[in-house]
Asks: 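Here's a structure for you.
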Amino acid sequence: MTTSISTPRVLTGDTPTGRLHLGHYVGSIQNRLAMQETHDCFFLVANMHAFTTRAESPADIRQDTLEIVKDWIACGIDPERSCVVLQTEVPAIAELTWFFAMLLPFNRVMKNPTLKTEISAKGLGDQYSFGFPMYAVGQCADILAFRPESIPVGEDQVAHIEMCREVARRFNQIYCGVDSHCEDDQHEALGGVFPVPKAMVGKTGRLVGTDGEQKMSKSLNNAIYLTDTPKQVKKKINAMYPGQSREPDEPGDPEINPVFHYAEVFLNDEELLHDLKRRYLRGDNLGDGHVKAHVIDAVNELLDPIRERRAALEGAEGDKKVTEIIREGTARANRVAEETLARAKEAMGLSFFTRTLA
């Protein structure tokens with residue numbers, strides 16, 4: 001069983017916890033769209049990870065799985081060029097998670113800053129399931145099962161990627177005899193099963209939410225969703241506090257105004273952006289509402305085609321189409337992941353006979 005990699009491979013994905021928002025778009029999806037032209041792309045729906053905090057809601061997880069793929073396709077992810085993968089239908093991921101768990105000290109997993117943040121943000125206290133910390137290990141398996149060169153992620157996921165890099169190095173050193181002093185980009189050439197992948201943070205690593213303070217998040221109720229109507233977008237942006245109290249003829253500081261953060265991200269007209277900043281700094285009869293109006297127009301211009309494509313995937317027929325996309329992508333993904341698992345088990349001395357997936 002062999003798979004040739006003619007172009008650089010990337011793997012990234014999302015846990016199906018609800019609708020995607022602008023933070024997801026600028027933090028990762030924008031990168032994914034560009035890489036479809038240059039990379040062999042695998043996009044994973046991490047539905048197994050959703051069970052770590054929502055095991056009592058399987059029907060919701062199932063529907064959210066379909067919805068997140070609809071969002072991807074609406075954004076421009078093309079199943080003809082990219083592989084959409086359903087995590088629970090790739091058994092190699094679960095097997096690799098078990099093996100990788102032996103390579104990570106428990107304290108190392110629990111000190112992962114992203115994991116600690118999620119425990120706090122979700123109010124889990126010490127009541128989280130035994131499986132919850134395992135998702136940090138499982139994310140390493142999600143990635144390394146496909147042996148990617150890089151992973152497009154938001155800023156908050158970089159710590160997870162560093163753990164993945166540690167696992168790749170340790171596996172290659174223990175089971176493949178790769179020297180511990182070699183450079184990361186030399187691991188495969190020296191006989192390692194796994195590359196040591198790099199995190200690729202989008203142009204906007206962290207998009208502030210509509211509260212003007214925290215990162216955009218569904219759980220913080222400060223998100224603008226890709227499916228929001230033009231009226232909803234307008235209402236949310238108009239409600240944003242500009243970070244300072246001022247009159248249109250008073251100087252202001254665009255650096256502390258979250259609306260200008262949005263202007264920098266979403267306005268395509270550099271000359272307009274420069275002019276708005278200049279007038280704001282001078283107090284040149286420029287109110288916050290004027291800046292917000294430009295941002296609202298820019299965001300809705302971005303979302304209009306996404307909303308249109310998303311609407312075409314609604315209902316039972318849309319669910320059926322998306323399920324078929326997932327099925328076809330996962331079949332291809334299994335061929336790659338099974339090859340990876342076979343290589344890993346051979347390196348570990350566990351290759352007793354060949355197996356195939358139906």
Side-chain angles (χ1 to χ4, degrees), residues 1-13 32 35 39-49 82-104 134-153 157 160-178 182 184-200 326-358:
M1 187 187 341
T2 59
T3 301
S4 62
I5 304 176
S6 57
T7 54
R9 183 178 290 162
V10 296
L11 179 288
T12 190
R32 302 179 201 182
M35 286 189 296
H39 289 70
D40 185 21
C41 297
F42 287 76
F43 300 133
L44 182 85
V45 186
N47 60 329
M48 190 185 302
H49 293 335
S82 300
C83 191
V84 176
V85 187
L86 186 61
Q87 185 185 41
T88 50
E89 295 302 322
V90 183
I93 290 174
E95 291 191 54
L96 287 169
T97 298
W98 178 262
F99 295 143
F100 293 164
M102 311 307 165
L103 303 179
L104 286 165
M134 278 294 288
Y135 107 84
V137 185
Q139 199 169 49
C140 300
D142 294 337
I143 294 165
L144 294 177
F146 299 97
R147 307 189 311 281
E149 194 176 85
S150 50
I151 312 103
V153 291
Q157 293 294 309
H160 272 315
I161 306 310
E162 188 51 46
M163 181 179 288
C164 174
R165 288 161 56 80
E166 290 174 23
V167 167
R169 292 188 197 104
R170 187 157 174 76
F171 186 99
N172 292 339
Q173 290 161 9
I174 292 175
Y175 299 116
C176 308
V178 174
C182 83
D184 286 345
D185 60 4
Q186 292 296 306
H187 272 245
E188 284 185 290
L190 294 175
V193 170
F194 299 106
V196 181
K198 303 180 183 69
M200 292 178 62
I326 294 171
R327 187 191 68 79
E328 291 178 357
T330 302
R332 180 187 163 208
N334 267 317
R335 290 193 289 272
V336 175
E338 282 293 301
E339 177 189 342
T340 300
L341 181 63
R343 291 185 185 183
K345 291 172 81 170
E346 183 176 3
M348 298 174 75
L350 298 174
S351 181
F352 291 95
F353 52 82
T354 302
R355 77 175 190 190
T356 57
L357 289 181

Asks: State the CD1-CG distance between I326 and L86, to the nearest 0.5 angstrom.
Replies: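 The CG atom of L86 is 5.5 Å from CD1 of I326, to the nearest 0.5 Å.
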Asks: F171 and A347: which non-hydrogen atoms are nearest, and at how many Å?
Replies: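 Closest approach of F171 to A347, heavy atoms only: CE2-CB, 4.2 Å.
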Asks: Decide yes or no for C41 and T12: does some side-chain heavy atom of the first lie under 4.5 Å from some side-chain heavy atom of the second?
Replies: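 The answer is no, as the side chains (C-beta and beyond) never meet within the 4.5 Å cut-off.
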Asks: Measure from the side-chain N and O atoms of N172 to the backbone N and O of E188, and report whether any donor-acceptor pair falls under 3.5 Å.
Replies: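 No, because the side chain of N172 does not come within donor-acceptor range (under 3.5 Å) of the backbone of E188.
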Asks: How far apart are the closest heavy atoms of C140 and V167, and which atoms are they?
Replies: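 That closest heavy-atom pairing would be SG-CG2, 4.1 Å.
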Asks: Work out which heavy atom in F194 is nearest to a heavy atom in A168; give both atom names and the distance.
Replies: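 Taking F194 first and A168 second, the nearest heavy atoms are CB-CB, 4.1 Å.
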Asks: With the threshold set at 4.0 Å, does a side-chain nitrogen-carboxylate oxygen contact exist between E95 and R355?
Replies: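 The answer is yes: the pair qualifies as a salt bridge.
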Asks: As an exercise, state the distance from CD of Q87 to OG1 of T330, rounded to the nearest 0.5 Å.
Replies: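 Answer for the CD-OG1 pair, Q87 versus T330, is 10.5 Å.
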Asks: Would you name the heavy atoms of A101 and V137 that are closest together and state the gap between them?
Replies: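 What the structure gives for the nearest pair is N-CG1, 3.7 Å.
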Asks: Side-chain contact test, heavy atoms from C-beta onward, threshold under 4.5 Å: evaluate it for S150 versus P8 and give yes or no.
Replies: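 Heavy-atom side-chain distance check fails, nothing below 4.5 Å.
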Asks: Output, in order, the C-alpha distance, side-chain angles, deciding distance and verdict of side chain to side chain contact (heavy atoms under 4.5 Å, CB included) for C182 and H187.
Replies: CA-CA 7 Å; C182 83; H187 272 245; 3.5 Å; yes
Asks: What distance separates T97 OG1 from M102 CE, expressed to the nearest 0.5 Å?
Replies: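 Between T97 OG1 and M102 CE, I get 10.5 Å after rounding to 0.5 Å.
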Asks: Within the side chain of T340, is there an N or O that forms a donor-acceptor pair under 3.5 Å with the backbone of V336?
Replies: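 Between the backbone of V336 and the side chain of T340 there is a qualifying donor-acceptor contact (under 3.5 Å).
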Asks: CZ of R9 to CE of M35: how many Å apart, nearest 0.5 Å?
Replies: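 Atom-to-atom, R9:CZ and M35:CE are 13.5 Å apart.
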Asks: Would H160 and Y135 satisfy ring pair (Phe, Tyr, Trp, His ring centres under 6.0 Å), going step by step from the backbone distance to the final call?
Replies: CA-CA 10 Å; H160 272 315; Y135 107 84; 5.4 Å; yes
Asks: Strictly distance-based, threshold 3.5 Å: is any side-chain N or O of D142 a donor or acceptor partner for the main-chain N or O of I93?
Replies: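 Side chain of D142 to backbone of I93, a donor-acceptor pair under 3.5 Å: no, none is there.
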Asks: When you check the gap from the basic side-chain N to the acidic O, do R332 and D40 get nearer than 4.0 Å?
Replies: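 A salt bridge links R332 with D40.
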Asks: Between R343 and E339, does any side-chain N to carboxylate O distance fall below 4.0 Å?
Replies: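 Salt bridge present between R343 and E339.
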Asks: What I want to find out is whether E162 reaches R165 closely enough, with some N-O distance under 4.0 Å, to be called a salt bridge.
Replies: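 Looking at R165 together with E162, the answer is yes, because their closest N to O distance falls below 4.0 Å.
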Asks: Can you check whether V196's main-chain N or O pairs, donor with acceptor, with R169's side chain at less than 3.5 Å?
Replies: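 Not confirmed, R169 side chain does not pair with V196 backbone.
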Asks: If I take atom CE from residue M200 and atom CD from residue E149, how far apart are they, to the nearest 0.5 angstrom?
Replies: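 Result: 9.0 Å between the selected atoms.
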Asks: Decide yes or no for L144 and L96: does some side-chain heavy atom of the first lie under 4.5 Å from some side-chain heavy atom of the second?
Replies: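 In short, these two side chains do not touch, never coming nearer than 4.5 Å.
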Asks: Find the distance between CG (L44) and CZ (F146) and round it off to the nearest 0.5 Å.
Replies: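 So the gap between those two atoms works out to 6.0 Å.
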Asks: Please check if the distance between the ring centroids of F99 and Y175 is under 6.0 Å.
Replies: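 Ring centroids of F99 and Y175 are no less than 6.0 Å from each other.
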Asks: Identify the heavy atoms of V90 and N334 that sit nearest to each other, and give their distance.
Replies: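 Shortest heavy-atom contact: CA-OD1, 3.4 Å.
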Asks: If every non-hydrogen atom of G191 is compared with every non-hydrogen atom of C176, which pair is closest and at what distance?
Replies: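 Heavy-atom minimum between the residues: O-CB, 3.5 Å.
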Asks: Atom CD of residue position E328 - does it have more than 12 heavy atoms of other residues, nucleotides or ligands inside 6.0 Å?
Replies: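 Above 12, so yes.
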